[in-house]
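Worksheet: one structure, shown below.
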Amino acid sequence: MFINKYFVGINKKDIVLNITIAFVLFCIMFLSFKGFVEVNILPKWYAFVAGGIVCFLITLFVIKEIIISLDKIVIMTIVFIYYLLIHTCLISLEQNRIYVLSVIVFILFYLSFKQLPIGSHQSINFIILCVCFIQACFGLIQCMEVFYIYGSFNLVGSFDNPAGFSACLSTGIPFCLSVVSKKGEKHYIELFLLTIIVISIILSGSRTGVITVFAIFVVYFKDEYCSILVNRKKLILPLFLILFIIIMGVLILKIDSVIGRFFIWKNSYIMILNKPIFGYGTGGFMSNYMLYQADYFQKNSNTLYSMLADNVIHPFNEYLFLTIEYGIIGLILVILILLVIIKSSRRITISHICLLSVGIFACFSFPFRYPFVLVLLAYSLANIKTKEVFSISINVLGKVVSIMLIGIISVVLVNDIRFERLWGNLVQKNKFRNKELLLNSYEKLYFEWNGDPAFLYNYGAILNRVESYEISNIILNKCTHYWNDYDVQLLLADCYLQKEKFEKAEECFVLASNMCPNRFIPLYQLVHLYDRIGQKEKAYNLAEKIIHKKVKISSFKVQRIKNEMIEYVQKGL
């Protein structure tokens, strides 16, 4: 059987670790759980943390003496991660526990991969190929409409959008290539699997995925085969021309999306200028970006961007995101790591191409939202061999300390899962019809809050629904420190309105309208607010504005609002 050749010569201990890695990769790629409020991505992060713990524990017990070789890449990576943790503790507010755990577990994955014998790499590469192929098949089945997908996308795989699907597969392609191109053997089956993966990325409609895949093949082809071509220099211009045509083609396909991203990058740049050195802290983008967007539209009411504006939780560029949250210092540390990798490497390897794929994808999307990418990133860094600076041996005492650290991480992980599960029960099952029991359950969870800002919004919405407006305002105002967008401001405005704090309600409605100028609800609510407090002229002027306002997406609700405003103006006349 063709699978057996990838595990020949591997001892039983290494096979145990390979099986564990295969299971972990499968869970990180596919795991979903309807018991959580966030069904698709959060379970994968829990699998990431648990998988890192398990892999490191197996490494501790299987390998008698663990020697950690520290080179410049490892040292710079540790400095960067240490900076993230210190920055989070000193500058950021209370943060989501799973974020802190994932940063630590990334190191555990790296150490586990670093201890793998060279003979295991090909088997793990084959495992990555298989996991990516299964994901690609899952996506193709969706594309053929075998079953219904909730949302506006036809192909998302086990993720919530095509970006996650294409990011994970694009990151895995370099390792798939290493299997297909193994010399001295024929790999027709493996080549077929790779072809399916590439086709699924193209059908997903991810422009960034297409560009990344093309770049991967160009670099790989040049490194592997150009040496046997006499006129290889003549290939450079045609390849760059083809790349330019592909980039322009995929951009033109969704021109509105491209314009919208440029607008987001423009505001992100302004954010960086205001806090360039240390940034806004972990979660700083979600709590501050929409305020900058609102400020822009307040100063520029008639602009092309107003029809494209929406809630934004990421700048679609990991480098901008890093600089906004951790400042130029964080960006410089990443650049230094890349420079060390480039200067220390004598030739391009599959691991380098994986880093390239992640780097390209990070320019136009958010690949680090998906833990599968981080696992392959840790695997790639572990495989890059550079000159050793010094080494550390983990003895019995070191193993005991490591186990204690893992114990602490495990306790935090279990508590976090428990919190999300209890919250999921409250939201999804809605089993408490008794108002008092429902509020007591939410209040108890609030005091055990794990740092997830979505919980604060949900809790505030529940309090608003049961007409507990004062407490709802307290919770929602706290939410704005972690997550502040159009929906949060609308909910805050309603709470103020119900408590007859009209000035505060007006501020929130105006802010919500400036955040997303193409929306009708804030202006509609303001008309009723002005009418209620006797500012009739303001109300009529705003009603006229609503009547003549352009519609981004036609709907029954928007048409009803326009008709109501027409009647309101006619009655006033």
Side-chain angles (χ1 to χ4, degrees), residues 36-38 41-42 45 88 91-100 267 271 275 279-295 309-315 321 324-325 369 416 419-420 422-428 430 438-499 501 503-516 519 521-522 525:
F36 295 149
V37 174
E38 205 297 306
I41 307 303
L42 183 60
W45 279 108
T88 300
I91 297 180
S92 306
L93 297 170
E94 184 178 356
Q95 289 304 315
N96 200 330
R97 297 173 197 158
I98 193 64
Y99 165 77
V100 179
N267 284 324
M271 290 183 70
K275 287 191 177 182
Y280 294 79
T282 307
F285 184 88
M286 286 181 62
S287 61
N288 290 279
Y289 173 81
M290 292 301 291
L291 298 177
Y292 281 85
Q293 183 164 295
D295 182 65
D310 204 344
N311 279 332
V312 179
I313 61 174
H314 196 283
F321 186 75
I324 289 169
E325 301 219 330
R369 183 171 182 257
D416 203 72
F419 176 90
E420 293 288 342
L422 292 173
W423 179 30
N425 282 338
L426 291 177
V427 172
Q428 296 172 8
N430 197 19
L438 176 66
L439 292 179
N440 287 339
S441 299
Y442 265 99
E443 185 178 6
K444 184 179 178 181
L445 275 182
Y446 175 68
F447 288 111
E448 300 176 14
W449 184 48
N450 68 344
D452 186 349
F455 173 79
L456 296 179
Y457 175 78
N458 177 241
Y459 185 24
I462 293 294
L463 289 167
N464 175 273
R465 192 176 71 188
V466 299
E467 300 180 359
S468 184
Y469 302 115
E470 199 70 43
I471 303 176
S472 179
N473 267 341
I474 294 172
I475 301 299
L476 290 171
N477 275 303
K478 182 176 181 179
C479 181
T480 59
H481 296 297
Y482 304 89
W483 182 13
N484 191 6
D485 65 2
Y486 169 88
D487 297 311
V488 175
Q489 289 301 320
L490 271 189
L491 206 52
L492 267 171
D494 185 66
C495 290
Y496 285 127
L497 189 63
Q498 299 300 331
K499 297 294 291 183
K501 296 180 179 180
E503 289 185 6
K504 286 284 188 181
E506 181 185 8
E507 288 177 10
C508 292
F509 281 132
V510 170
L511 181 56
S513 179
N514 287 330
M515 285 179 172
C516 299
R519 305 288 180 89
I521 295 296
Q525 293 287 3

Would you list the atom pairs, donor with acceptor, under 3.5 Å between side chains in residues 484-493 and any protein atom, with sequence neighbours excluded?
unit_1: Asn484; atom_1: OD1; unit_2: Gln489; atom_2: NE2; d: 2.9
unit_1: Asp485; atom_1: OD1; unit_2: Asp487; atom_2: N; d: 3.3
unit_1: Asp485; atom_1: OD1; unit_2: Val488; atom_2: N; d: 3.1
unit_1: Asp485; atom_1: OD2; unit_2: Trp483; atom_2: NE1; d: 3.2
unit_1: Asp487; atom_1: OD2; unit_2: Asn311; atom_2: ND2; d: 3.1

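Evaluation of the side-chain contact (heavy atoms from CB on, under 4.5 Å) rule for Ser513 yields Pro522, Leu523 as partners, not counting sequence neighbours. Residues satisfying the side-chain hydrogen bond (donor to acceptor under 3.5 Å, both in side chains) criterion with Trp423, sequence neighbours excluded, are Asn458. Residues passing the salt bridge (charged side-chain N to carboxylate O under 4.0 Å, His left out) test with Lys501, sequence neighbours excluded: Glu470. Applying the side-chain hydrogen bond (donor to acceptor under 3.5 Å, both in side chains) criterion to Asn473, with sequence neighbours excluded, gives no partner residue. With sequence neighbours excluded, the residues forming a ring-ring contact (aromatic ring centres under 6.0 Å, His included) with Phe419 are Phe455, listed by chain and number. Every residue two or more places apart in sequence or in another chain was checked for a side-chain hydrogen bond (donor to acceptor under 3.5 Å, both in side chains) with Gln525, and none qualifies. Considering only residues two or more places apart in sequence or on other chains, Glu38 meets the side-chain contact (heavy atoms from CB on, under 4.5 Å) condition with Asn40, Ile41, Leu42, Pro43. By the side-chain hydrogen bond (donor to acceptor under 3.5 Å, both in side chains) test, Asn267 is found to be paired with Tyr289, residues two or more places apart in sequence or in another chain being considered. Taking Glu448 as the reference, Arg418 meet the salt bridge (charged side-chain N to carboxylate O under 4.0 Å, His left out) condition, with sequence neighbours excluded.
Between the OH atom of Tyr446 and the CG atom of Leu463 there is a distance of 10.0 Å, given to the nearest 0.5 Å. Separation of atoms CZ (Arg465) and CG (Leu438) is listed at 6.5 Å; rounding is to 0.5 Å. Atom CG of Asp416 sits about 5.5 Å away from atom CD1 of Ile98, to the nearest 0.5 Å.
Within the 3.5 Å criterion, the main-chain N or O of Gly283 finds a donor-acceptor partner in the side chain of Glu325. No side-chain donor-acceptor contact under 3.5 Å links Asp295 to the backbone of Leu291. Within the 3.5 Å criterion, the main-chain N or O of Met271 finds a donor-acceptor partner in the side chain of Tyr280.
The two atoms that bring Met290 and Val312 nearest to each other are SD-N, 3.5 Å, heavy atoms only. In this structure, Gly424 and Val37 approach most closely via the heavy-atom pair CA-CG2, 3.9 Å.
Two residues are said to be in side-chain contact when any heavy atoms from C-beta on lie closer than 4.5 Å; Leu439 and Ile462 meet this criterion.
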